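In what follows, a single structure is set out as structure tokens and then discussed.
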Amino acid sequence: MKIATWNVNSVRQRQVLVADWLERVQPDVLLLQEIKCEAHQFPADTFEALGYTAHVVGQKSYNGVAVLSRRPVELRETKLPGLSDPEPPARYIEVEADGLIIGNLYLTNGNSGGEAGFQNKLEFFDALACRAETLLRADADFLFAGDYNVCPTERDLAPGALSATDALVRPESRAAFRRLLWLGLTDAVRALHPDENCYTFWDYQAGAWNRDLGIRIDHALLSPRVAERLAAAAPDRDERAKPQPSDHVPVLMELG
DNA sequence: ATGGCCGGGGAGCCCGGA
């Protein structure tokens, strides 16, 4: 089973690139973040023509997540349980496919909105950890994948790619990520590639791509039995070199 | 040392259709 996650930075701008990638790579499930549109604006026809059905949690202007699947998928949640905001931004969707629960998340960046904006990021992490505990207690097979907006360690960013005070590298952000690992979840890409950069994002600015000033912020965390099935996991760097790319590349994993 | 890029939304304008 091939599952991928991709922050596409507007699905309408990126639909040709996404469709091309789907045709070549043929994932069973593709998790999209930052689709930047409402559900009725989602280019579902483009993907249906390739055999993929869409579940969309959209929002005008910013945010928005979606799941594309060529296997039967059951929609479970359209927002992350446990958030204090009863109408949170469109940043989480949870589905089940072949007995596997898949949480698709787009975590707050945390650099805007001052300290309140950063606390909002930590609250999302808290709710995600609670969700993980709930699913672990239920003995469910699950994974949480998407844009975590955290470089977990110093290995996960090129020197000089971010300031030391950036919300993506702040100790509280990293501690929140580690809490998920300590619950027993496995960082799929890092587990298989301990010594490679595996960057997933290069800023549009400052020639970051040409200078390889990348960061690793798109992750897939696997529950224990799912981790036992892990056969491959890596970002697809080539997508960043395409014309008019997203600033993120897809991260593809394969489960046996 | 600094800035360098994208996206959507909407204002404002132009255009085409009624």
Side-chain angles (χ1 to χ4, degrees), chain A residues 4-22 30-47 54-68 78-79 85 87-93 104-114 117-118 120-121 124 145-151 156-170 197-219 235-251:
Chain A
T5 175
W6 196 357
N7 179 323
V8 288
N9 185 19
S10 172
V11 71
R12 289 177 291 179
Q13 293 298 319
R14 229 61 69 192
Q15 60 181 299
V16 172
L17 279 180
V18 173
D20 176 65
W21 192 81
L22 285 172
L30 174 59
L31 312 176
L32 300 174
Q33 302 92 36
E34 217 174 341
I35 62 172
K36 286 186 167 174
C37 67
E38 296 179 280
H40 72 272
Q41 302 169 308
F42 189 86
D45 294 350
T46 299
F47 306 123
H55 287 88
V56 180
V57 175
Q59 186 175 336
K60 191 174 184 176
S61 182
Y62 296 110
N63 307 317
V65 289
V67 178
L68 300 178
T78 57
K79 51 192 174 187
D85 184 352
E87 303 284 344
R91 288 175 170 268
Y92 186 82
I93 181 172
N104 174 15
L105 62 107
Y106 174 36
L107 243 144
T108 315
N109 173 292
N111 280 310
S112 60
F118 185 67
N120 192 261
K121 177 177 194 166
F124 194 105
D147 180 358
Y148 282 73
N149 268 316
V150 173
C151 301
D156 299 308
L157 72 160
L162 297 173
S163 91
T165 57
D166 194 287
L168 279 57
V169 298
R170 275 179 65 167
N197 292 325
C198 297
Y199 299 145
T200 66
F201 170 99
W202 294 259
D203 201 294
Y204 289 123
Q205 298 188 69
W209 168 245
N210 290 325
R211 298 156 64 197
D212 199 22
L213 289 181
I215 62 179
R216 191 176 79 94
I217 57 175
D218 300 272
H219 310 296
D236 187 349
R237 274 181 75 102
D238 295 343
E239 287 304 303
R240 189 63 178 78
K242 296 278 170 71
Q244 297 174 327
S246 170
D247 38 11
H248 297 249
V249 296
V251 176

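Side chains included, hydrogens not; waters and symmetry mates left out as well; all remaining heavy atoms used. For clarity, every value in this text was computed on a predicted model and none was experimentally measured. Here is how names work: the chains are called A, B, and so on, in the same order as the sequence lines, proteins then strands, and each is numbered from 1.
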For A:R14 and B:dG7, is the shortest distance between a side-chain N/O and OP1 or OP2 below 4.0 Å?
->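 Answer is yes, contact under 4.0 Å.
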Which of these nucleotides, [options], is closest to any side-chain atom of [X]?
X: A:Y204; options: B:dG7, B:dG4, B:dC5; answer: B:dC5
X: A:A206; options: B:dG9, B:dG7, B:dG4; answer: B:dG4
X: A:K60; options: B:dG4, B:dG10, B:dG7; answer: B:dG10
X: A:R211; options: B:dG8, B:dG7, B:dG4; answer: B:dG4

Separation of [X] atom [atom1] from [N] atom [atom2], in whole Å?
X: A:L213; N: B:dG3; atom1: CG; atom2: C1'; value: 14 Å
X: A:F201; N: B:dG7; atom1: CZ; atom2: P; value: 13 Å
X: A:E38; N: B:dG8; atom1: CD; atom2: P; value: 13 Å
X: A:K36; N: B:dG7; atom1: NZ; atom2: P; value: 8 Å
X: A:E34; N: B:dG7; atom1: CD; atom2: P; value: 11 Å
X: A:N109; N: B:dC6; atom1: CG; atom2: P; value: 18 Å
X: A:I35; N: B:dG8; atom1: CD1; atom2: P; value: 12 Å
X: A:L17; N: B:dC6; atom1: CG; atom2: P; value: 14 Å

The single option from A:F201, A:W202, A:Y199 passing side-chain contact (heavy atoms from CB on, under 4.5 Å) against A:W209 |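 Of the listed residues A:F201, A:W202, A:Y199, the side-chain contact (heavy atoms from CB on, under 4.5 Å) partner of A:W209 is A:W202.
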Among A:N63, A:V56, A:V57, A:V65, find the residue that satisfies the side-chain contact (heavy atoms from CB on, under 4.5 Å) test when tested with A:I35.
->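 In the set A:N63, A:V56, A:V57, A:V65, the residue that makes a side-chain contact (heavy atoms from CB on, under 4.5 Å) with A:I35 is A:V56.
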Please name the pair of heavy atoms, one in A:A90 and one in A:Q59, separated by the smallest distance, quoted to 0.1 Å.
->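 Answer, listing the atom of A:A90 first, then A:Q59: N-OE1, 2.7 Å.
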Establish whether the base of B:dG7 is bridged to the side chain of A:Y62 by a donor-acceptor pair shorter than 3.5 Å.
->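 For A:Y62, whose side chain was compared with the base of B:dG7, there is a donor-acceptor pair (under 3.5 Å).
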Is it the case that A:N109 and A:K121 place a side-chain donor and acceptor less than 3.5 Å from each other?
->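 The answer is no; no qualifying pair exists.
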Looking for any heavy atom pair under 4.0 Å, which part of the strands does A:Q13 touch: base, sugar-phosphate only, or nothing?
->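 Answer is sugar-phosphate: A:Q13 comes under 4.0 Å of backbone atoms only.
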So do A:V251 and A:H219 actually touch side chain to side chain, heavy atoms under 4.5 Å?
->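 Not touching, per the 4.5 Å side-chain cut-off.
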